[in-house]
Protein chains: 2
Amino acid sequence: MNILVTLDSNYILPLKVMLWSLFFNNPGHSFNIYLMHSSISSEELEGIYEFTERLNQRLHVITLDEDLFEDAPVILHYTREMYYRLLAYKCLPEDLERVLYLDPDILIINSIRELYHMDMSNAMFAAACHNRRIPLKEINRLRLKVQEMEGYFNSGVLLMNLPLQREKIKEEDIFEFVEKKKNRLIFPDQDVLNALYYREIKKIDEIKYNYDVRFYQYNKILSNGLFDMDYVMRHTAILHFCGRKKPWHKNYNGKFLSLYKHYQILALERSDKTLRHLAGNNPAK
Amino acid sequence: MNILVTLDSNYILPLKVMLWSLFFNNPGHSFNIYLMHSSISSEELEGIYEFTERLNQRLHVITLDEDLFEDAPVILHYTREMYYRLLAYKCLPEDLERVLYLDPDILIINSIRELYHMDMSNAMFAAACHNRRIPLKEINRLRLKVQEMEGYFNSGVLLMNLPLQREKIKEEDIFEFVEKKKNRLIFPDQDVLNALYYREIKKIDEIKYNYDVRFYQYNKILSNGLFDMDYVMRHTAILHFCGRKKPWHKNYNGKFLSLYKHYQILALERSDKTLRHLAGNNPAK
């Protein structure tokens with residue numbers, strides 16, 4: 001399976017935790033990890049290489065010039081890296097057909113095989129909506145001026161149909177849109193995805209493949225006993241630690257903290273033996 | 001390593017979760033699991049055999065006659081199984097030197113190697129005290145009439161020095177004590193352990209080897225930031241889900257629920273492939 005990640009140095013720790021959880025919970029699969037970045041140092045990259053190698057998986061680093069997308073408008077607080085996700089197809093190998101983009105603030109706890117191999121038909125993307133908060137849906141509809149918008153797709157888990165993207169995504173469209181809406185964009189790349197490509201996204205089950213852990217109590221209370229920790233652990237493949245508070249920050253305190261921290265220790269602090277034990281199971285190389 | 005468990009049918013599910021977590025977090029070790037029981041059906045035993053066999057570990061079932069310890073006094077609500085732990089040495093192989101008793105409401109999240117191989121010197125047992133609630137300590141001192149008692153040992157994790165036990169533990173002493181104190185015993189076997197063998201127990205670190213998860217918030221608040229989930233995941237080897245509410249019950253809601261439930265799925269519901277992947281790492285047989 002092909003996996004795409006884009007990050008800076010601040011996210012190397014969670015990236016490793018995410019990758020470890022992905023490999024561990026998808027035994028028997030080999031992965032190609034495409035890492036797009038513009039500012040990670042060579043020492044840090046070496047560390048990521050060593051990590052994936054020990055786990056018998058392949059890492060491909062794509063270092064982007066800082067002047068890539070130099071025509072692109074820049075918004076306060078955001079760098080040009082906000083375009084990497086939407087314009088990834090330009091930097092990935094030309095013959096790549098499918099790639100799954102994953103945010104680093106994610107923990108994989110079950111198989112993603114069905115997601116990865118799903119029928120995308122004519123969709124350019126597959127993604128989940130995070131739209132339980134109704135007012136937010138209305139605000140986004142008005143803000144982005146997409147009248148028929150029924151939800152707001154989260155771009156943290158994004159399955160990409162690359163041949164179709166090469167055909168249809170034009171960087172000028174994106175830059176023009178950003179230039180025009182500059183003052184209204186909150187999550188720039190996610191807003192662009194929703195505003196420009198809303199009709200080209202196939203919806204996936206958010207509880208299975210992009211579960212916003214902040215909503216656990218809310219879902220549990222509304223479910224009349226159908227939804228609980230058992231349900232999540234059995235059905236969810238991708239836990240997404242959305243929002244500003246992250247489980248690797250000092251005072252994070254959510255329902256999934258013990259699970260995340262245990263994976264963090266497994267991924268980063270256990271002896272090579274445990275890592276090899278996992279790695280030995282994967283047939284890559 | 002030799003592990004002792006004693007249980008009835010109600011604890012088969014948690015037993016499997018406990019064993020899976022033990023094997024997974026102690027890779028490269030082979031285990032002999034001694035299961036003492038008097039009422040588990042042969043179908044259920046067959047299931048436990050299959051489970052440990054798939055994980056390349058050895059199970060030894062010790063079926064006790066119901067009339068064993070027939071001279072023993074019985075206390076309301078408790079069966080004679082309460083004596084199994086303290087008199088285990090009588091039913092285990094005669095040449096066994098050391099065994100680690102573990103309750104089934106436990107999750108092993110790090111190595112227990114150092115605990116298992118610790119120097120026991122002249123102690124018959126090694127155990128941890130759960131005595132953070134000061135009044136409880138006083139009550140136990142009065143209740144059990146052991147004046148110099150500085151803590152109350154929890155019998156959920158009990159390392160046993162079997163040659164010394166064969167020499168020193170007399171079943172008559174135990175029966176006599178129980179007969180006399182019948183009305184004062186709350187946790188019969190634990191009370192006997194504390195009252196009769198208090199001086200023969202070597203203390204082990206409770207946070208490392210018998211962490212009562214109900215105290216997490218309490219420890220965290222009192223620690224001035226030194227104790228948190230990071231600390232537990234890095235230093236604790238044995239999480240103990242003490243008390244009436246258990247993580248496999250429907251409405252349990254503790255800080256370690258997500259971790260427990262994930263292990264439950266790994267142990268009981270994942271395909272053989274994941275199990276073999278673990279098992280392949282263990283050199284037993």
Side-chain angles (χ1 to χ4, degrees), chain A residues 17 21 23-29 107-111 113 211 213 216-217 220 225-226 228-237 239 247-283, chain B residues 17 21 23-29 107-111 113 211 213 216-217 220 225-226 228-237 239 247-283:
Chain A
V17 178
S21 70
F23 304 154
F24 177 71
N25 287 299
N26 288 270
H29 290 279
L107 200 65
I108 312 284
I109 57 170
N110 276 304
S111 171
R113 205 170 51 89
Y211 186 53
V213 297
Y216 176 74
Q217 287 296 358
K220 189 164 182 277
L226 291 171
D228 59 9
M229 196 54 85
D230 249 318
Y231 189 92
V232 176
M233 290 300 134
R234 193 170 284 125
H235 295 97
T236 298
L239 290 177
W248 58 90
H249 293 160
K250 189 71 187 162
N251 286 313
Y252 182 86
N253 186 20
K255 286 285 171 193
F256 297 88
L257 177 60
S258 60
L259 183 65
Y260 190 88
K261 284 288 166 188
H262 184 56
Y263 267 95
Q264 187 175 318
I265 301 290
L266 288 173
L268 306 178
E269 300 186 19
R270 282 288 182 82
S271 72
D272 279 359
K273 203 183 264 178
T274 307
L275 293 176
R276 277 200 303 273
H277 136 215
L278 165 69
N281 183 50
N282 284 301
Chain B
V17 178
S21 70
F23 304 153
F24 177 72
N25 287 300
N26 288 270
H29 290 279
L107 201 65
I108 312 285
I109 58 170
N110 276 304
S111 172
R113 206 171 51 88
Y211 186 54
V213 298
Y216 175 75
Q217 287 296 358
K220 189 165 182 276
L226 291 171
D228 59 8
M229 195 53 84
D230 250 319
Y231 188 93
V232 176
M233 291 299 134
R234 192 171 286 126
H235 296 97
T236 298
L239 290 176
W248 57 91
H249 293 160
K250 189 69 186 163
N251 286 312
Y252 181 87
N253 186 21
K255 286 285 171 194
F256 297 87
L257 178 60
S258 60
L259 183 65
Y260 190 89
K261 283 289 168 190
H262 183 56
Y263 267 95
Q264 186 174 319
I265 301 291
L266 288 173
L268 306 177
E269 301 186 19
R270 281 290 180 82
S271 72
D272 278 359
K273 204 184 264 178
T274 307
L275 293 177
R276 277 200 303 274
H277 135 215
L278 164 69
N281 183 51
N282 283 301

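Numbered from 1 within each chain, the chains take letters A, B, ... in sequence-line order. Values below: all heavy atoms of this structure, side chains included; hydrogens, waters and symmetry mates excluded.
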Part of A/I265 within contact of chain B (heavy atom distance under 4.5 Å) = side chain
message = Any non-hydrogen side-chain atom of A/S258 less than 4.5 Å from a side-chain atom of B/M229?
response = yes
message = Please classify the contact of A/Y263 with chain B as side chain, backbone, both or neither, using a heavy-atom distance under 4.5 Å.
response = side chain
message = Do A/H262 and B/I109 make a side-chain contact, defined as non-hydrogen atoms from C-beta onward lying under 4.5 Å apart?
response = yes
message = Can you confirm whether B/W248 sits close enough to A/D230 that some side-chain heavy atom of one is under 4.5 Å from a side-chain heavy atom of the other?
response = no
request  = Determine, step by step, whether A/L259 and B/L257 satisfy the side-chain contact (heavy atoms from CB on, under 4.5 Å) criterion, reporting the C-alpha distance in whole Å, the side-chain angles of both residues, the deciding distance to 0.1 Å, and the verdict.
outcome  = CA-CA 8 Å; A/L259 183 65; B/L257 178 60; over 6 Å; no
key: Side-chain heavy-atom pair B/N253, A/K255 within 4.5 angstrom cut-off   = yes
request  = State plainly whether the residues A/D228 and B/K261 are in salt-bridge range, i.e. N to O under 4.0 Å.
outcome  = no
inquiry  = Run B/N110 and A/R270 through side-chain contact (heavy atoms from CB on, under 4.5 Å) and show every step you take.
reply    = CA-CA 9 Å; B/N110 276 304; A/R270 282 288 182 82; 3.1 Å; yes
query = Of all residues at least two apart in sequence or in a different chain, which pass the salt bridge (Lys or Arg N to Asp or Glu O under 4.0 Å) check with A/R113?
reply = none
key: Pair A/E269-B/R234, side-chain contact (heavy atoms from CB on, under 4.5 Å): steps then yes or no   = CA-CA 8 Å; A/E269 300 186 19; B/R234 192 171 286 126; 2.6 Å; yes
